[in-house]
Each structure stands twice: as C-alpha cells, then as structure tokens.
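Everything numeric here is computed off the predicted structure, so don't read it as measured data.
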Amino acid sequence: MASRTSGDVLRQGMRVLGRAIREQPRIFALAVGGSVLFSLLIIANSYVVGWVVGDVVVPSIADGRLEWGLVVLAAVALFAVSVLRVVGILGRRLGAGYMQYRLQAAWRRRVTRRYLELPVSWHQRHSTGTLLSNANSDVESMFHPIAPLPFAVGTVVMLVSAVSALFATDWALALVGLAIFPSLFALNVVYSRAMAPRQARAQQMRAEVSDIAHESFDGALVVKTMGREAEETDRFRARANELRDSLISVGKLRSIFDPLLESLPNLGTLAVLLVGMVRLRHGAISVTELVSVAYLFTVLAFPVRAIGWVLAELPRSVAGWERVRKVVEATGEMRYGDVTIDPAGRGPAELTFRDVGFGYEPAEGESPGQVLTDVGFTVEPGRTVALVGPTGSGKSTIAALALRLVDPGSGEVTLDGVELRRLTAASLAANVALVAQVPFVFDDTVRANITLDRAGIGDDEVWAALRLAEADGFVAALPDGLDTMVGERGTSLSGGQRQRLTLARALAGKPRMLVLDDATSAVDPRVEASILAGLRSGAGAGTSILVVAYRRATIALADEVIYLERGRVRARGTHEELLATVPGYTDLVTAYEQAEAQRERELAQQRETDSDDEQVPSLAPGGEATT
C-alpha cells in the first residue's frame with residue numbers, strides 16, 4: 001500500500017465499491033434514491049427559504065403588516081420540505097447501513113467457509129491472529145466506504161444541480177460556485193493521498209496487535225509457568241503503542257483538513273454575499289435570489305464532506321480487501337469425489353496405504369523435506385494396528401492421511417478399496433473418525449460436545465459412547481451431568497477427562513474406522529487399557545482401529561505393530577515378534593516404558609506428599625506432637 005500511487009488506490013477502491021454494489025444492487029439503489037432526494041431538497045429548501053425571506057418577510061417589514069395566508073403557506077412549504085428531507089435521510093441511512101452490514105456478514109461467511117475448505121497445511125502457514133483479523137477487522141474495513149457512498153453519490157447530483165441552478169440565477173454567482181466546488185473536490189483528493197499510507201499502516205498494526213494478543217492468551221500457561229508476563233506485556237505494549245501512533249497520525253491529518261473542508265463553503269458564502277450585494281445594487285438579482293444562493297452555500301459543507309469520507313476510507317478499504325483476497329483466492333482446497341460408502345449395515349472398514357509418499361510444503365526460505373517414503377500396510381476389518389516409532393518418524397502424518405486432512409504426494413490411501421479422493425466429504429466423515437493428539441473441547445455442554453448436532457445421536461447413544469470411553473463416571477458426577485458447561489477448551493476438565501470426552505465424541509458416530517493419534521496419553525494406563533479392550537470387543541467390535549501408541553500395554557493389545565523410522569516402515573509384526581527381532585524397536589519401547597515408570601513414581605510421590613500435607617502436626621500443651 002505504501003508504494004502505491006493515489007491513482008492506484010482510487011482505481012482499486014472503486015473496484016471494491018463496484019463489487020459491493022453488484023452484490024447488493026437493490027439496497028444500494030434505495031440508499032442512493034434517499035440520498036438524491038435529500039440532496040435535491042437541500043437545493044429546493046434554499047429556494048423556499050429565499051422565497052420566505054424575499055417575498056414574505058421583507059415585504060411584511062416594509063409594509064408594516066402581516067399577510068397570514070402567505071405565512072401559513074410559508075410554514076407549510078418549509079414543513080413539507082423538512083418532512084421529505086427526513087424521508088430521504090431515513091432511506092439513505094437505513095439503506096447504507098443495511099447494505100454495509102449485509103456485505104460484512106456475507107464476506108465473513110465467505111472467508112470462514114474458505115478457511116474450512118483450505119487444507120491443514122495452509123492453516124499451518126498462517127497465524128490464528130491474522131486469520132481472525134481477516135474475518136473481522138479486514139472485512140469491516142473493506143466496506144467502511146459503503147456508509148457514506150450513497151450520500152456521496154447524492155452529493156454529486158446535488159453539486160451538478162446546484163451549479164445549474166446558479167447559472168439559471170446569475171452568471172456571476174455561478175462563477176463563485178465554480179471556484180468553490182472544484183476547490184472542495186481538490187482538497188478531498190489531497191486529503192485522500194495523504195491519508196492512504198496512514199490508513200494502510202493502521203490496518204496492518206491492527207492485525208499485528210491481534211496476533212500478539214491471541215498468541216499470549218492462547219499460551220497463557222507457558223507465559224505463567226515460564227515467568228514471561230513482563231516480557232509478553234512489553235511485547236504487546238510495543239505493538240499497541242505503534243497502533244496508537246498510527247491512529248494518532250490519522251487523527252492529526254484529519255484535524256488539519258477538517259477545518260479547511262469546513263471553511264471553504266463559509267468563504268464561498270462570504271464571496272456570494274459580496275458579489276451578490278453588487279449584483280443586487282445593479283438590479284441583476286433580487287433579494288430572494290441572493291438569500292437562496294447564500295443559504296445554499298451555508299448548507300453545502302456537510303454534504304460535500306461525504307465525498308471526502310469516501311475518498312478517505314478508500315485506502316483502508318483497499319488494505320482490507322487485499323488481505324481478505326489472499327484468503328478467498330488461496331488455492332489448495334481439497335476437492336472431494338462423488339463416491340459414497342453407506343456405513344449402515346456394514347462391518348468394520350479396511351484401510352490400506354499403498355506406496356504412500358508425503359512431504360510438507362516448506363516455508364519460505366526452507367528446503368522441502370520428505371516425511372513419508374513408500375509406506376504400505378493394511379488395517380484389516382475389525383483389527384487393531386499400532387504405529388510405533390521415534391519422534392518425527394511420520395506417525396501423526398499417517399493419521400492425517402487416513403482422515404484425508406492431507407493428500408499423499410505419491411501412492412494412494414483407500415477405504416474398503418475406494419481411494420479417499422473419490423469419496424464425498426460426508427461419506428468419509430461417516431466412516432472414519434479421528435481422536436487427535438491434542439483434545440479440543442468446545443465451550444458448550446457435554447452433550448453438545450459429543451453430539452455436535454449430528455442426526456440420530458440421542459442421550460442413549462451419548463451415554464453408550466461415554467461408557468465405552470470410560471467417561472460415564474466423571475460425567476455423571478458433574479453438577480448438571482450432560483448439561484454441564486465445560487468452559488472454553490474444556491478448562492473445567494482435566495487433561496484425561498478432555499481426552500475421554502473427545503474419544504466419546506468420535507465413538508458416538510459409530511465409525512467403522514477409528515484413528516487414535518496418541519489420544520489417551522493423559523489417561524491413567526489402567527483406564528487406557530480398559531478403553532482399548534472395550535474398543536476391541538463388545539460395543540466397539542464394529543470398528544477397525546489405527547492407533548499411534550507409546551505405552552507397552554497399549555502396543556501389546558494391537559493385532560499388528562508397524563514400526564517406523566525416518567518415514568519408512570522398517571518392520572511389522574506382533575509386539576512380541578518385534579521385541580525379539582528389531583533392536584531399534586526394543587530400545588524405543590523400553591525407553592517409553594522407563595519414562596512411564598518414572599512418571600508413575602513421580603505421581604505416587606506427589607500423592608504421598610499431598611496426603612502428608614493433609615495431616616499437619618501441631619504441638620499439644622505439653623509439647624508433644626499430635627495430629
């Protein structure tokens with residue numbers, strides 16, 4: 001924006017406004033109609049006022065008598081013009097406001113829908129604060145000029161009509177108008193040029209402040225535990241001060257131009273009076289005409305300002321549009337096919353990876369890196385397959401591919417023999433469910449978090465899913481049971497409770513393939529074993545399971561273990577077979593087991609410490625310690 005000329009900003013801004021008008025033509029026509037009516041009535045009112053003064057008031061003073069018929073007629077004329085002006089104002093303001101808010105709502109939906117269409121890899125390259133700014137302040141900025149736009153269009157009509165009326169009245173007075181009106185427009189153009197970089201800078205700073213605020217609030221736990229409150233406050237203060245300075249710069253510029261824009265019509269009024277007195281003395285015009293023209297100049301300032309408002313808001317509108325356009329024109333959305341797999345009456349699904357390769361798109365300045373190479377395996381119907389491997393071996397990427405959160409760069413992933421790209425989005429969601437590594441819980445009730453408004457999931461199905469996820473006990477103990485509000489991101493629940501709740505959410509839909517990406521890491525090992533045992537039998541017997549596993553107890557429950565290293569399948573077989581034949585697997589599982597044992601010891605020590613703290617000794621009167 002800073003490198004653009006004012007002509008570029010004006011042209012781009014006009015295109016944004018043209019897009020808005022094409023989207024809401026009827027409402028815009030209503031608003032412009034009201035504005036034109038108001039503008040024409042300003043001119044009409046000036047002539048009514050001129051007639052009242054020149055033909056009613058002055059003769060009455062000169063004759064020393066009052067003609068009540070003319071007085072009543074004058075009052076009716078002024079009242080009628082005022083009522084019609086009110087109608088014009090209502091049409092203009094209601095139309096402009098309705099149009100502006102409809103456009104903002106429509107584009108917020110458009111941006112949000114685009115967010116949901118774009119792949120996870122795109123979201124990973126954009127900060128949450130920027131995305132929030134795109135959908136909120138940037139969309140608002142796009143359509144800020146809409147509010148004064150109908151008024152500005154009406155003002156153009158008024159200026160043309162006013163100049164025509166001036167020439168019809170007197171050529172000398174018309175020349176005054178021709179000097180004032182272009183001066184007003186030129187001043188507005190200069191104002192727009194000076195305002196453009198300031199508005200663009202302020203818009204950018206709004207996004208940066210939003211970025212820092214969201215990051216700090218989202219990472220509140222890290223900020224608190226690492227003692228970074230002062231540093232985060234300073235970081236936010238620096239950006240907030242830059243935003244403040246940008247907005248002050250905008251305000252300073254307005255404080256310079258506003259008085260100039262106000263004073264020009266007043267200077268025009270003085271010029272009209274001076275020229276008009278000369279013309280009146282020579283009999284070229286009447287008192288009525290002089291009063292009409294002078295009154296017209298006194299009321300021109302406010303309508304003409306509408307043109308300045310539009311021009312001043314165009315840089316901000318263009319800045320908002322360019323940021324929003326990056327979202328709506330972003331490429332890479334996943335296109336789904338038209339094949340459906342009805343889960344009703346079917347048994348567990350079969351998931352197959354055939355020679356799958358995948359590499360994440362690198363960030364700017366980074367070299368591409370391959371995550372998976374020639375990965376192939378099958379999760380047979382009703383069986384449990386565990387993915388085991390060191391950090392960075394590609395386990396979570398395989399889980400994402402199984403849900404088609406990303407597509408493979410080579411090879412294919414099939415469900416019941418159908419390549420995932422060929423399935424409809426609804427069919428994929430109905431057959432496959434993911435319980436992610438980091439559980440996400442909505443700020444809603446337990447029931448709403450599990451059902452997600454999906455059809456066919458009543459309370460009986462909710463409780464069955466909760467029992468299978470070993471979550472029915474703690475949910476039943478909540479103050480309002482299923483109607484308990486869990487807070488933002490489930491803050492009222494423990495980590496293990498959130499994981500079990502998200503597992504119940506996935507199970508409530510009765511998926512034929514369940515993908516668990518380390519989904520029970522915060523759950524007690526005994527509870528985890530019970531959950532997985534339940535999934536393999538009973539109510540969960542209709543589900544195939546692909547699980548990213550770390551604990552030995554979890555891995556041992558799998559029918560087959562896939563061992564990964566550096567994005568490749570290095571070995572496969574049962575847990576016992578891999579322990580006996582693959583040293584890397586043995587070392588990894590042993591390390592997991594030792595870390596888990598250490599964690600269990602620390603938890604036991606913490607429980608003992610908490611128990612001791614509850615029995616604080618005190619001294620009895622004789623000096624003996626009692627509890």
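Proximity of Met485 to Asp443: side-chain heavy atoms (C-beta onward) are separated by under 4.5 Å at one or more points. At a threshold of 4.5 Å between non-hydrogen side-chain atoms, the residues Arg505 and Asn449 count as touching. A 4.5 Å side-chain heavy-atom check between Pro408 and Leu401 finds at least one atom pair inside the cut-off. Looking only at side-chain heavy atoms (C-beta outward), Leu516 and Leu503 come within less than 4.5 Å of each other. For the pair Leu415/Leu420, a side-chain contact is recorded, criterion being any heavy-atom separation below 4.5 Å from C-beta on. Looking at heavy atoms from C-beta onward, Leu501 lies in side-chain contact with Leu493 at the 4.5 angstrom threshold. Taking 4.5 Å as the limit, some side-chain heavy atom of Val547 sits within range of a side-chain heavy atom of Thr384. Counting only heavy atoms from C-beta outward, the side chains of Asp517 and Ser396 approach each other to under 4.5 Å.
Nearest approach of Arg114 to Val328, heavy atoms of both residues: NE-O, 3.6 Å. Heavy-atom minimum distance, Ala402 versus Leu351: CB-CD2, 3.7 Å. The shortest non-hydrogen separation linking Gly394 to Val371 is CA-CG1, 4.1 Å. Residue Pro390 comes nearest to Glu565 through the heavy atom pair CD-CG, 4.3 Å, listed as atom of the first residue, atom of the second, then distance. The minimum heavy-atom distance between Ser544 and Pro348, with the atom names listed, is OG-CB, 3.2 Å. Nearest approach of Leu466 to Ala504, heavy atoms of both residues: CD2-CB, 3.8 Å.
Taking CZ of Arg325 as the reference point, atom CE of Met142 lies at 10.5 Å (rounded to 0.5 Å). Asp355 CG to Thr373 OG1: the interatomic distance, rounded to the nearest 0.5 Å, is 11.0 Å. How far CZ of Phe143 is from CZ of Arg19: 8.5 Å, rounded to the nearest 0.5 Å. One distance of note links NZ of Lys395 with OG1 of Thr391; it measures 5.5 Å at 0.5 Å rounding. The CD atom of Glu322 lies 12.5 Å from the OG atom of Ser141; values are rounded to the nearest 0.5 Å. Note that CG of Asp559 is 13.5 Å distant from NE2 of His575, once rounded to the nearest 0.5 Å.
With respect to Glu461 and Arg454, no salt bridge is recorded, no charged nitrogen being found less than 4.0 Å from a carboxylate O. Under the 4.0 Å criterion applied to side-chain N and carboxylate O atoms, Arg422 and Glu419 are not assigned as salt-bridge partners. Arg572 and Glu560 are joined by a salt bridge, as a carboxylate oxygen and a charged side-chain nitrogen come within less than 4.0 angstrom of each other. Between Asp138 and Arg323, at least one side-chain nitrogen of the basic residue sits less than 4.0 Å from a carboxylate oxygen of the acidic one, meeting the salt-bridge criterion.
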Steps toward side chain to side chain contact (heavy atoms under 4.5 Å, CB included) verdict (Leu514, Val435):
CA-CA 8 Å; Leu514 183 63; Val435 185; 4.1 Å; yes
May I have the step-by-step check of side chain to side chain contact (heavy atoms under 4.5 Å, CB included) for Trp321 and Trp107, ending in yes or no?
CA-CA 11 Å; Trp321 161 243; Trp107 276 83; 3.5 Å; yes
Assess the residue pair Asp483 and Thr445 against the criterion (side-chain hydrogen bond (donor to acceptor under 3.5 Å, both in side chains)); give the C-alpha distance rounded to whole Å, side-chain angles, the decisive distance to 0.1 Å, and a yes or no.
CA-CA 5 Å; Asp483 295 314; Thr445 64; 5.3 Å; no
Test Glu350 against Arg512 for salt bridge (charged side-chain N to carboxylate O under 4.0 Å, His left out), laying out the working first.
CA-CA 9 Å; Glu350 179 183 82; Arg512 300 174 55 237; over 6 Å; no
If you apply the rule side chain to side chain contact (heavy atoms under 4.5 Å, CB included), what do you find for Gln12 with Val16, and how did you get there?
CA-CA 6 Å; Gln12 183 65 35; Val16 175; 4.3 Å; yes
Could you go through Thr424 and Val339, starting from their C-alpha distance and side-chain angles, then the distance that decides it, and tell me whether this counts as side chain to side chain contact (heavy atoms under 4.5 Å, CB included)?
CA-CA 6 Å; Thr424 64; Val339 178; over 6 Å; no
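For Thr502 (side chain) and Gln499 (main-chain N/O), a donor-acceptor pair under 3.5 Å exists by modelled atom type. No side-chain donor-acceptor contact under 3.5 Å links Arg568 to the backbone of Leu564. Side chain of Ser393 to backbone of Gly567: no donor-acceptor contact under 3.5 angstrom is found. In this structure, the side chain of Arg239 does not engage the main chain of Val209 through any donor-acceptor pair within 3.5 Å. Between the Thr484 side chain and the Asp480 main chain, a donor and an acceptor come within less than 3.5 Å of each other. Asn431 contributes a side-chain N or O that, together with a main-chain N or O of Ile341, makes up a donor-acceptor pair within less than 3.5 Å.
Between the side chains of Gln497 and Arg500, no donor-acceptor pair of N or O atoms lies under 3.5 Å.
Because its NZ or CZ atom is both nearer than 6.0 Å to the ring centre of Tyr336 and within 45° of the ring axis, Arg404 counts as a cation-pi partner of that residue.
Heavy atoms of other residues, nucleotides or ligands lying less than 6.0 angstrom from CZ of Arg566 number 12 at most.
Qualifying side chain to side chain contact (heavy atoms under 4.5 Å, CB included) partners for Val438, counting only residues two or more places apart in sequence or in other chains: none.
Classification of the Tyr585-Tyr563 ring pair by plane angle, with boundaries at 30° and 60°, yields perpendicular.
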